Amino acid sequence: MTARRPAEPNRRAFRRFWAATGISLAGDQVTTLALPLIAVQTLNAGAFAVGLLSASRLVPFLIGSLLVGVYVDRLRRRPLLITADLVRGVALLAVLGLLAGGRLSLPWLIALVVVVGSLSVFADVAAQSYLVDLVPPEGLVTANSRLQVTRAATQTGGPAAGGALISAVGAPLALLADGMSFLLSAALTAAIRVPEKARRASGRSMWSDVREGLTLTYRQPVLRALALAAAHSNIVEQGLLVLLAVRFVGEQGHSAAVLGLALAVGAGGAAVGGFATSRLCRCRPPGWVLIGGEVLAACGLAGAAVVTSLRVTPTPLLIVTFAVFGLGEGIGNVLYATIRQGMVPVELQGRAYGSYRLVVSGTTPLGPLAVGGSAALLGSSATLLALAVVAVLVPLWLLTPPVRELSLP
């Protein structure tokens with residue numbers, strides 16, 4: 001398989017889309033830090049209120065992905081992306097307006113965060129679907145590789161840069177920067193002039209369209225394997241993060257900064273994996289590249305769990321395991337998106353991704369819940385060893401003939 005570069009004007013269009021995505025992702029890192037700080041410093045919010053605020057941004061992803069996928073398939077995706085960016089930017093600026101007028105309250109803040117989260121669902125599903133309008137099938141691996149590198153770069157440097165910005169100018173002005181980033185992203189998307197591919201009008205009820213997306217995703221063997229493997233991996237990863245906070249920081253007394261460094265190294269590994277994926281797919285079958293990436297990710301998660309279960313965790317080894325996990329995760333993220341975009345008809349892209357997000361995001365809380373209960377009964381060390389066993393089982397979802405024999409354009 002070769003990963004050719006898209007022809008003009010698609011190349012210019014993708015660059016604008018890529019830049020818009022990167023700007024929004026960088027702004028999101030600022031908002032993630034700024035909103036809780038505004039709640040604490042301005043509204044004197046306690047721990048429960050801050051948790052409720054953070055959850056209110058994520059809830060729309062759990063309950064809205066399926067329905068959003070239907071609308072994304074029925075409407076033009078570029079105007080959806082522009083509208084989502086504009087409304088999110090205005091919502092964040094409204095926080096500042098209420099703050100300046102002395103009228104900001106926790107209910108107002110939560111309501112505006114729900115608006116931002118809901119529009120983020122639209123933007124996420126529409127962006128995944130819109131990419132197939134900008135990039136030909138043979139260019140999807142390269143395009144997704146670049147997007148993965150950008151995503152990993154913002155995860156690596158974003159928290160530090162966001163923290164520095166907040167320290168320099170304060171949380172409200174930092175939030176202003178994020179609001180303006182959404183407006184800039186909307187302007188870049190508006191400058192894209194590539195026509196969207198034709199889609200059939202549905203003419204059916206919303207629930208019939210939802211069922212069609214679910215049926216495609218979970219009856220097609222490759223798409224089903226991708227969704228189940230991603231959900232399994234996410235459950236393990238989120239469970240591991242809870243146990244790292246409990247054992248590595250709480251019980252063993254390591255600094256939270258060291259844990260943050262390990263996570264940053266993992267994000268850096270994801271950038272390397274994303275960058276390398278298109279090259280790997282030129283010389284190896286993409287199915288086996290995906291399986292290899294998932295094996296790396298599983299070994300990294302299992303290794304981190306085993307290392308942390310020791311009486312004293314060797315910090316350098318923990319960092320290495322996160323680098324291995326990130327490398328595999330970067331490869332997997334690129335190919336999960338590329339395979340799904342290449343296999344799904346254009347008129348079903350939104351519903352297929354919404355169905356995928358339903359199981360991947362909806363099952364994520366199982367990890368923290370399961371390890372929390374297990375650690376209370378068995379202790380954190382035994383739970384970490386059990387989690388390591390669960391982690392190494394993730395690649396088994398992909399060891400099927402349809403995935404192993406997978407080919408891309």
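Starting from 1, each residue takes its place in the sequence as its number. Quantities reported herein were computed from a predicted structural model and do not represent experimental measurements. Note that these values count all heavy atoms, side chains included, but never hydrogens, waters or copies made by symmetry.
- For Ala91, the side-chain contact (heavy atoms from CB on, under 4.5 Å) criterion is met by Leu112, Val115, Val116, not counting sequence neighbours.
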CA sep, side-chain torsions, deciding dist, call: Ser233, Leu301, side-chain contact (heavy atoms from CB on, under 4.5 Å): CA-CA 9 Å; Ser233 181; Leu301 288 173; 4.1 Å; yes

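- A donor-acceptor distance shorter than 3.5 angstrom exists from the side chain of Arg224 to the backbone of Arg219, with no hydrogens or angles considered.
- A donor-acceptor pair under 3.5 Å is formed between the side chain of Thr321 and the backbone N or O of Leu318.
- When atom types are taken as modelled, the side chain of Ser309 and the backbone of Val306 share a donor-acceptor pair closer than 3.5 angstrom.
- Between the side chain of Thr217 and the main chain of Ser355, no donor-acceptor pair closer than 3.5 Å is present.
- The cationic group of Arg340 lies under 6.0 Å from the six-membered ring centre of Tyr356 and within 45° of the ring axis, placing it in a cation-pi geometry.
- Without hydrogens or angle criteria, His232 side chain to Val390 main chain gives a donor-acceptor distance under 3.5 Å.
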Stepwise side-chain contact (heavy atoms from CB on, under 4.5 Å) check, Val87 with Val90: CA-CA 5 Å; Val87 175; Val90 170; 5.7 Å; no

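- Heavy atoms only, all atoms of each residue included: Gly22 and Thr150 are closest at CA-CG2, 3.6 Å.
- Between Asp85 and Leu184, every side-chain heavy-atom pair lies at or beyond the 4.5 Å cut-off.
- Judged by distance alone, the side chain of Arg284 and the main-chain N or O of Val289 form no donor-acceptor pair under 3.5 Å.
- Shown are Thr313, Val246, Leu385, Leu387; of these, the side chain to side chain contact (heavy atoms under 4.5 Å, CB included) with Thr308 is made only by Thr313.
- Checking Thr189 against Arg78 by side-chain atom types alone, no donor-acceptor pair falls below 3.5 Å.
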Verdict with supporting geometry, Tyr336 and Gln341, side-chain hydrogen bond (donor to acceptor under 3.5 Å, both in side chains): CA-CA 9 Å; Tyr336 282 151; Gln341 290 161 345; over 6 Å; no

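- With Arg247 contributing its side chain and Val242 its backbone, the two residues share no donor-acceptor pair below 3.5 Å.
- Taken from CG in Leu140 to SG in Cys281, the straight-line distance is 11.5 Å, to the nearest 0.5 Å.
- Environment of CZ in Phe275: sparse, with no more than 12 heavy atoms of neighbouring residues, nucleotides or ligands closer than 6.0 Å.
- The neighbour count for Met180 CE, taken as heavy atoms of other residues, nucleotides or ligands under 6.0 Å away, does not exceed 12.
- Across all their heavy atoms, Val307 and Pro314 have their closest contact at CG1-CD, 3.7 Å.
- Taken from CZ in Phe182 to CG in Leu93, the straight-line distance is 10.5 Å, to the nearest 0.5 Å.
- Every ring pair (Phe, Tyr, Trp, His ring centres under 6.0 Å) that Phe248 has, sequence neighbours left out, goes to His254.
- Summarising the geometry, atom CG belonging to Leu106 is positioned 12.0 Å from atom CD1 belonging to Ile38; distances are rounded to the nearest 0.5 Å.
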side-chain hydrogen bond (donor to acceptor under 3.5 Å, both in side chains) evaluation trace for Ser24 with Ser185: CA-CA 6 Å; Ser24 292; Ser185 175; 3.2 Å; yes

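- When all heavy atoms of Ser181 and Ile23 are compared, the pair lying nearest together is O-CG2, 3.4 Å.
- Between Asp209 and Asp73 there is no side-chain heavy-atom pair separated by less than 4.5 Å.
- A distance of 12.0 Å separates CZ in Phe322 from CG in Leu317, rounded to the nearest 0.5 Å.
- The two residues Leu134 and Ala13 make their nearest non-hydrogen contact at CD2-CB, 4.1 Å.
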Verdict with reasoning, Leu147 to Leu131, per side-chain contact (heavy atoms from CB on, under 4.5 Å): CA-CA 11 Å; Leu147 292 170; Leu131 189 61; 4.0 Å; yes

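- Between Val149 and Ala271 the shortest heavy-atom distance is CG2-O, 3.3 Å.
- Between the CG atom in Leu296 and the CD1 atom in Ile331 there is a gap of 6.0 Å [rounded to 0.5 Å].
- With sequence neighbours left out, Thr363 forms a side-chain contact (heavy atoms from CB on, under 4.5 Å) with Ala231, Ile235, Val359, Leu366.
- Looking at Val135 and Asn144, their side chains never come closer than 4.5 Å, going by heavy atoms from C-beta outward.
- Side-chain contact between Asp133 and Tyr130 is present, with heavy atoms from C-beta onward closer than 4.5 Å.
- Looking only at distances, a side-chain donor or acceptor of Gln349 sits under 3.5 Å from a matching main-chain atom of Val344.
- Contact check on Arg357 versus Asp124 returns a salt bridge, with a Lys/Arg side-chain nitrogen under 4.0 Å from an Asp/Glu carboxylate oxygen.
- Side-chain N or O atoms of Ser374 include none that pairs as donor or acceptor with a backbone N or O of Ala370 at under 3.5 Å.
- The line from CG of Leu384 to CG of Leu240 is 7.0 Å long, rounded to the nearest 0.5 Å.
- Shown here for Gly332 and Leu290, the closest heavy-atom pair between the two residues is CA-CD1, 4.0 Å.
- For the pair Thr83 (side chain) and Leu80 (backbone), a donor-acceptor distance under 3.5 Å is absent.
- Side-chain atoms of Leu348 and Arg351, non-hydrogen and from C-beta on, do get closer than 4.5 Å to each other.
- Contact annotation: the side chain of Leu327 never approaches that of Val324 to less than 4.5 Å [non-hydrogen atoms, C-beta and beyond].
- Contact of the Phe17 side chain with the Ile192 side chain is registered, since non-hydrogen atoms from C-beta on lie closer than 4.5 Å.
- Side-chain contact between Glu329 and Glu294 is absent, with no heavy atoms from C-beta onward closer than 4.5 Å.
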Trace of the side-chain contact (heavy atoms from CB on, under 4.5 Å) decision for Arg211 with Ser208: CA-CA 5 Å; Arg211 186 167 57 250; Ser208 294; 3.6 Å; yes

